[in-house]
Amino acid sequence: MNSDLTNSPVWRALSNKAQNVSKLQNLFAHNESRAKNLTFALNDEFFIDFSKQQIDSATLDQLIHLAQQQDVEKWRDAMFAGDAINFTENRAVLHVALRGQSDDDYSVQGKPVMSDVLAIRERIIDFATRVREGHWRGATGQRIKTVINIGIGGSALGPELVVRSLRAFQDGPDVRFLANIDPADLSHTLAQLDPATTLFIIASKTFTTQETMTNAKAARRWLIAALGKEAVGQHFVAASTNQAEVEAFGIKSQNMFPYWDWVGGRFSVWASVGLSVILAVGPENFLAFLDGARDMDVHFRTASPAQNLPVLMALFGIWNRNFLNRSSLAILPYSEDLQRLPLFLQQLEMESNGKSINREGQEITYPTCPVVFGQPGTNGQHAFHQQLHQGPEVVPCDIIIALTAHPQDEERAPGQHRQLVANALAQAAALMSGRQHAQPERSFPGNRPSTMIVMEALTPRNLGRLVALYEHKVAVQGWIWEVNSFDQFGVELGKELANALLNNTATDFDSSTLALFSQLDHLSRAA
């Protein structure tokens with residue numbers, strides 16, 4: 001155990017406070033201004049209500065003290081300065097520069113980067129515009145109607161989240177996503193497409209990611225069978241840094257859109273991995289998405305800890321995870337457009353902070369990242385909300401709402417969005433207050449915490465603010481837990497073992513794995 005952290009006076013004080021926590025109902029009863037005092041705004045369009053978290057002002061002060069003890073502001077400033085805070089890979093972590101503007105002065109280890117960032121941004125916008133306006137056409141001269149983004153992890157979850165979330169703003173080609181190596185996904189997707197009107201984006205920094213390249217090669221075979229090998233260059237482009245592999249695949253270097261080793265995969269939607277977003281919603285909406293993230297960057301960089309939305313989000317999460325022993329976090333967007341948000345945050349949080357080795361290379365035993373799951377409301381109310389309300393384990397919830405619907409949605413279904421928001425508010429109220437009933441099975445214990453994240457509307461700018469909020473929250477929690485939030489070595493072992501099985505180099509597998517794989521080989525030979 002990291003004795004310096006858990007034996008620090010502030011950690012011990014918080015542990016003591018956790019032994020005698022007031023019920024939420026009592027916290028409200030004793031403070032008429034609680035909701036006002038625990039609601040914090042970025043601006044009139046974006047704010048967070050923490051009042052239904054099981055915490056009092058003295059505990060919040062102690063949590064802020066914990067952030068100060070753990071040098072959160074120092075780490076934040078080092079990140080924005082381009083220092084190599086990804087210490088296991090000796091890399092900077094500067095995805096914030098990807099939403100920067102010309103007057104920002106981002107550098108990596110002293111080298112300015114904004115001119116390169118803006119140049120690549122201009123290139124991807126120019127390419128997307130040519131496709132959207134019909135100037136870039138397929139090999140047969142037909143306009144591109146469908147775009148398939150082939151990637152996995154951050155090269156798929158990020159852009160898919162944004163494209164899905166902004167579907168009300170889409171006016172470009174139909175954009176779809178392929179990630180899983182399961183051939184069923186590829187097969188069913190290609191069966192619906194016309195090769196002459198399809199463009200593929202291969203999103204892989206190294207251009208060697210097994211799942212991505214397996215799908216990419218299958219898509220190339222499909223295209224060549226229909227249009228010939230010479231058509232590859234007109235129907236495939238790449239978001240990558242490996243020019244040699246990209247050109248060997250058949251993609252011209254001018255159709256490769258690079259990014260940098262200081263951009264992690266799960267933070268790459270702001271870079272050339274966002275090409276599919278521009279194709280779907282256009283440059284203006286993509287730039288608004290970047291501007292929203294920059295709004296949150298400026299706030300995170302300048303607001304005091306007591307008013308700082310990402311810092312406060314992180315601290316309430318630390319309180320729930322480390323001191324109240326709550327091991328899960330439910331992400332409940334009351335928006336069908338935000339359907340992919342829980343999956344995106346699952347990767348962002350669990351790949352970043354699902355670690356047990358600290359900065360000194362020592363094993364830690366205090367809890368870090370919770371298990372993140374979720375589903376849009378109101379669907380989730382008829383699925384797992386039963387456990388949220390009456391299960392024996394308390395699960396904190398992030399509930400995300402937009403106060404107003406898109407105009408076209410309100411026109412087609414007047415009043416329906418009001419029902420949606422009412423359900424979200426009712427869920428938070430029911431989780432907190434519960435209900436006593438003569439029949440025990442109809443009783444609800446209540447005293448279950450939630451955070452309400454509120455947008456005026458789900459616009460590109462507010463989506464950028466939302467995603468950046470969670471990015472910075474995750475970084476703050478990693479700095480407090482003393483883990484590296486920016487590597488992901490945990491994904492490697494399974495891949496190495498799968499390759500050993502496929503290449504017949506496995507020597508020390510358990511008998512169960514070897515027996516099962518031999519059955520696969522037997523079935524493959526029989527087929």
Side-chain angles (χ1 to χ4, degrees), residues 1 5-40 48-70 72 305-332 349 353 365-372 385 387-399 425 427-436 443-453 473 476-477 480-481:
M1 178 177 288
L5 176 58
T6 58
N7 288 328
S8 64
V10 65
W11 190 279
R12 291 200 304 269
L14 286 163
S15 296
N16 290 334
K17 282 183 174 293
Q19 303 305 310
N20 187 26
V21 180
S22 297
K23 289 188 174 183
L24 278 166
Q25 299 94 319
N26 294 336
L27 290 170
F28 272 90
H30 296 152
N31 183 357
E32 293 182 357
S33 301
R34 180 175 176 81
K36 179 181 178 181
N37 293 343
L38 285 174
T39 297
F40 301 88
I48 307 179
D49 179 357
F50 294 107
S51 64
K52 292 185 179 67
Q53 288 290 339
Q54 198 175 358
I55 203 166
D56 57 25
S57 59
T59 303
L60 181 55
D61 289 343
Q62 288 286 351
L63 286 165
I64 291 171
H65 185 194
L66 176 65
Q68 293 166 339
Q69 172 190 283
Q70 296 301 100
V72 163
Q307 300 290 323
N308 196 303
L309 299 186
V311 172
L312 291 169
M313 282 274 288
L315 292 177
F316 283 109
I318 294 278
W319 174 244
N320 282 317
R321 185 72 185 100
N322 293 101
F323 300 101
L324 299 183
N325 298 315
R326 290 160 182 173
S327 59
S328 300
L329 172 64
I331 305 296
L332 311 177
E349 301 223 10
N353 288 338
T365 58
Y366 51 82
T368 56
C369 184
V371 174
V372 178
H385 282 223
Q387 179 162 331
L388 300 183
H389 286 285
Q390 291 185 306
E393 182 176 356
V394 174
V395 179
C397 302
D398 286 357
I399 300 174
L425 300 179
Q427 288 294 303
L431 287 164
M432 181 188 79
S433 299
R435 183 181 68 184
Q436 295 303 310
S443 290
F444 297 79
N447 200 38
R448 303 194 168 205
S450 64
T451 292
M452 188 72 70
I453 302 171
K473 169 215 164 179
V476 170
Q477 289 185 331
I480 291 174
W481 286 323

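Not measured: the values here are computed from a predicted model.
Between the W319 side chain and the A18 main chain, no donor and acceptor come within less than 3.5 Å of each other. In this structure, N447 contributes its side chain and L24 its backbone to a donor-acceptor pair below 3.5 Å. A donor-acceptor contact shorter than 3.5 Å links the side chain of N16 to the backbone of R12. The backbone N or O of L388 lies less than 3.5 Å from a partner atom in the side chain of R448, making a donor-acceptor pair. A distance-only check finds a donor-acceptor pair linking the side chain of Q390 to the backbone of S443 [under 3.5 Å]. In this structure, Q53 contributes its side chain and P449 its backbone to no donor-acceptor pair below 3.5 Å.
Q25 and S433 are not linked by any side-chain donor-acceptor pair at a separation below 3.5 angstrom, with hydrogens and angles left out of the test. Checking N322 against W481 by side-chain atom types alone, a donor-acceptor pair falls below 3.5 Å.
Annotation: side chain of V395 is not in contact with side chain of R326 (no heavy-atom distance under 4.5 Å). Looking at heavy atoms from C-beta onward, M313 lies out of side-chain contact with Q477 at the 4.5 angstrom threshold. The closest side-chain heavy-atom distance from L431 to K52 is not below 4.5 Å. Contact check for Q54 versus V394: no side-chain heavy atoms found under the 4.5 Å cut-off. At a threshold of 4.5 Å between non-hydrogen side-chain atoms, the residues V10 and Q68 do not count as touching.
For the atom pair CG (D49) and OG1 (T451), the distance works out to 8.0 Å, reported to the nearest 0.5 Å. To the nearest 0.5 Å, atom CD of residue Q69 and atom OG of residue S8 are 3.5 Å apart. Taken to the nearest 0.5 Å, the CG atom of D56 stands 10.0 Å off from the CD atom of Q62. Of the inter-residue distances, the one linking C397 atom SG with M432 atom CE reads 13.5 Å to the nearest 0.5 angstrom. Here the OG-CG distance, from S57 to N37, works out to 8.5 Å after rounding to the nearest 0.5 Å. Atom NZ of K17 and atom CG of L60 lie 10.5 Å apart (nearest 0.5 Å).
Contact between L63 and I55 at its shortest, heavy atoms only, is CD1-CD1, 3.3 Å. Nearest heavy-atom pair across A35 and S51 is CA-CB, 3.7 Å. Minimum interatomic distance between A428 and I399 (heavy atoms only, all atoms of both residues): CB-CD1, 3.9 Å. A pairwise comparison of heavy atoms in L27 and S22 identifies CD2-CB, 3.8 Å as the closest pair.
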Legend entry - Residue pair F40, I48: steps toward the side chain to side chain contact (heavy atoms under 4.5 Å, CB included) verdict: CA-CA 5 Å; F40 301 88; I48 307 179; 5.5 Å; no
Inset, instruction - With side chain to side chain contact (heavy atoms under 4.5 Å, CB included) as the test, would you mind laying out the steps for T365 and T6 before giving the verdict? - result: CA-CA 10 Å; T365 58; T6 58; over 6 Å; no
Inset, instruction - For L312 and L38, run side chain to side chain contact (heavy atoms under 4.5 Å, CB included): C-alpha distance rounded to whole Å, both residues' side-chain angles, the deciding distance at 0.1 Å, then the answer. - result: CA-CA 10 Å; L312 291 169; L38 285 174; over 6 Å; no
Legend entry - Step-by-step side chain to side chain contact (heavy atoms under 4.5 Å, CB included) determination, V21 to T59: CA-CA 10 Å; V21 180; T59 303; over 6 Å; no
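Considering I318, L5, V476 in turn, L5 is the only one that fulfils the side-chain contact (heavy atoms from CB on, under 4.5 Å) rule with Q70.
Geometrically, R34 engages F28 in a cation-pi contact, judged by NZ or CZ lying under 6.0 Å from the ring centre and within 45° of the ring axis.
Heavy-atom neighbours of Q387 CD from other residues, nucleotides or ligands within 6.0 Å: at or below the threshold of 12.
Between W11 and Y366, the two ring planes are tilted [angle within 30° to 60°].
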